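Working notes, structure below.
Side chains included, hydrogens not; waters and symmetry mates left out as well; all remaining heavy atoms used. Only a predicted model underlies this, so the values are computations on that prediction, with no experimental measurement involved.
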Amino acid sequence: MRHPLSALLWSIVALFFQVFVLGNVQLFGYLNPYLYPIIFILWPLSWNRATGLIVAFLMGFTIDFFEHSGGLQASAATLLFMIRPWIVRAVAPRSEMESMPLTLQAMGQPKFLTYTGMSLLIFHLWLFWWEAFDFFELFSILFRSILSAGVATVLVYTIQLFSLKSE
Amino acid sequence: MGNIFRFIARYHLFLLFAVFQSVALVLTFSNRSYHRSWFWNTTQEGTATILEAYTAAEEYVHLRKTNRALAEENARLRGLVEDSKYIGTVKRGGRKDTLQQYTYTAAHVINISFHKRNNYITIDRGFLHGIKPGQGVICPTGVVGVVNQVSRHYSSVIPLLHSRTRLSGSMSKTKHFGSVIWQGGNHRRAQMLDVPRQANIQLGDWVVSDTRSAMFPSGLRIGKVAAFSLDPESQSYVVDVRLSVDFASLQMVYVIDNLLKKEQVRLEESSAQEPE
């Protein structure tokens with residue numbers, strides 16, 4: 001994702017993969033990991049944030065249409081995109097983050113995993129909370145978020161490993 | 001005026017974010033009006049066409065299983081026609097007065113989820129085929145859900161596996177009522193609440209549909225009692241139900257049109273409004 005065009009291409013690939021593959025994977029009734037936020041996780045920090053926010057909204061909204069979820073995905077996607085700089089700042093010291101690409105290669109394993117894991121956990125928590133919208137399901141929401149975010153993080157990490165090799 | 005522009009320029013990102021968040025959350029909680037709009041109709045047609053092609057391939061793989069379920073249902077229907085019933089009356093020659101109450105429309109499931117907290121089903125019949133919101137949906141093995149939105153060729157169904165579904169059910173043996181809800185997690189397990197203490201529940205009893213909601217004929221299977229306990233507060237039973245429908249392999253459904261629904265609902269509403 002060094003060029004805007006390649007970012008667009010990968011966004012479409014991620015959308016299709018989410019709707020037709022992950023949307024049909026059913027694991028133990030608890031796991032439904034969302035992988036398409038990988039696009040926002042890898043989105044370079046130096047790019048225009050307003051454009052990125054619009055892309056996040058549109059991607060989330062497209063998935064909402066396939067899942068009949070109103071604006072649930074759009075809400076979670078824009079939230080993740082908005083708070084992402086703070087997560088990066090918490091994980092990496094200020095001086096290096098300005099121009100750093102947010103990849104496994106550039107950040108190193110511990111930082112990249114913390115950044116991805118935190119991003120995906122917040123994303124899934126927000127998503128499952130608004131979906132259930134019930135204080136009595138708090139533990140179930142927490143449990144499902146941690147599981148799904150964990151699986152999604154492993155997937156993102158694996159994808160990063162492969163793209164490392166190909167470069 | 002200049003201050004406003006300066007404010008917008010400075011906080012444009014956050015304002016954009018706030019607008020997106022509000023739009024998204026409003027849409028999430030007002031599913032109904034927005035689904036009915038022209039926008040929803042056209043996009044639903046679009047996404048449904050894609051999903052239909054995808055499902056066609058998947059369905060082919062499951063043909064064997066679907067056929068078997070159909071055959072089983074046919075067998076059961078044969079048992080219901082009058083010819084196969086023993087008429088127990090002694091008096092002969094009395095005329096039997098019958099009236100058609102329920103009609104059924106068969107539909108294919110073209111999209112379904114069952115692993116989320118709120119699940120949906122899309123079927124390939126719409127208002128051109130007489131489907132209307134609020135109609136009940138069943139399959140050969142039992143009750144599926146209720147029609148939610150309808151476009152020209154497609155409808156979306158809210159199945160039992162949804163946080164806002166409350167089906168009225170009854171115990172097939174003792175006829176006591178209760179509400180069947182789904183609390184997430186296992187797609188084969190649901191709960192039946194508010195069953196009175198007097199109901200003599202036994203493991204393995206059938207929980208079946210009843211006509212309180214005017215959507216389903218009575219006696220359609222919902223599931224079997226897998227466990228039950230007495231709620232000390234409300235003095236009513238909480239029943240764990242093993243659902244008879246396996247949503248993971250749902251392919252064909254029937255949408256029920258209750259021809260007498262209007263009459264029942266109108267009567268019930270007008271008697272509720274009557275001054276005391």
Among A:L72, A:L53, A:V19, who wins on heavy-atom pairs under 4.5 Å with chain B? A:L53
Would you confirm whether the ring centroid of A:F139 sits within less than 6.0 angstrom of the ring centroid of A:F143? no
Enumerate, atom names and distances included, each donor-acceptor pair closer than 3.5 Å involving a side-chain atom of residues 226-235 of chain B, sequence neighbours excluded.
residue	atom	partner	partner atom	Å
B:D231	OD1	B:E233	N	3.4
B:D231	OD2	B:S234	OG	3.0
B:S234	OG	B:S236	OG	2.9
B:Q235	OE1	B:R197	NE	3.3
B:Q235	NE2	B:P232	O	3.3

Given side chains that start at C-beta, do those of A:W129 and A:L138 come closer than 4.5 Å, heavy atoms only? yes
Do you see a donor-acceptor pair shorter than 3.5 Å between the side chains of A:Q160 and A:T103? no
Is B:N119 in contact with chain A via its backbone, its side chain, both, or neither, using a 4.5 Å heavy-atom distance? neither
Quick one: what part of A:E67 sits under 4.5 Å from any heavy atom of chain B, side chain, backbone, both or neither? both
For chain B, find which of A:G60, A:S75, A:A56 contributes the most heavy-atom pairs closer than 4.5 angstrom. A:S75
A:T78 side-chain N/O to A:F57 backbone N/O, donor-acceptor pair under 3.5 Å: no
So which part of A:I141 gets closer than 4.5 Å to some heavy atom of chain B, the side chain, the backbone, both or neither? neither
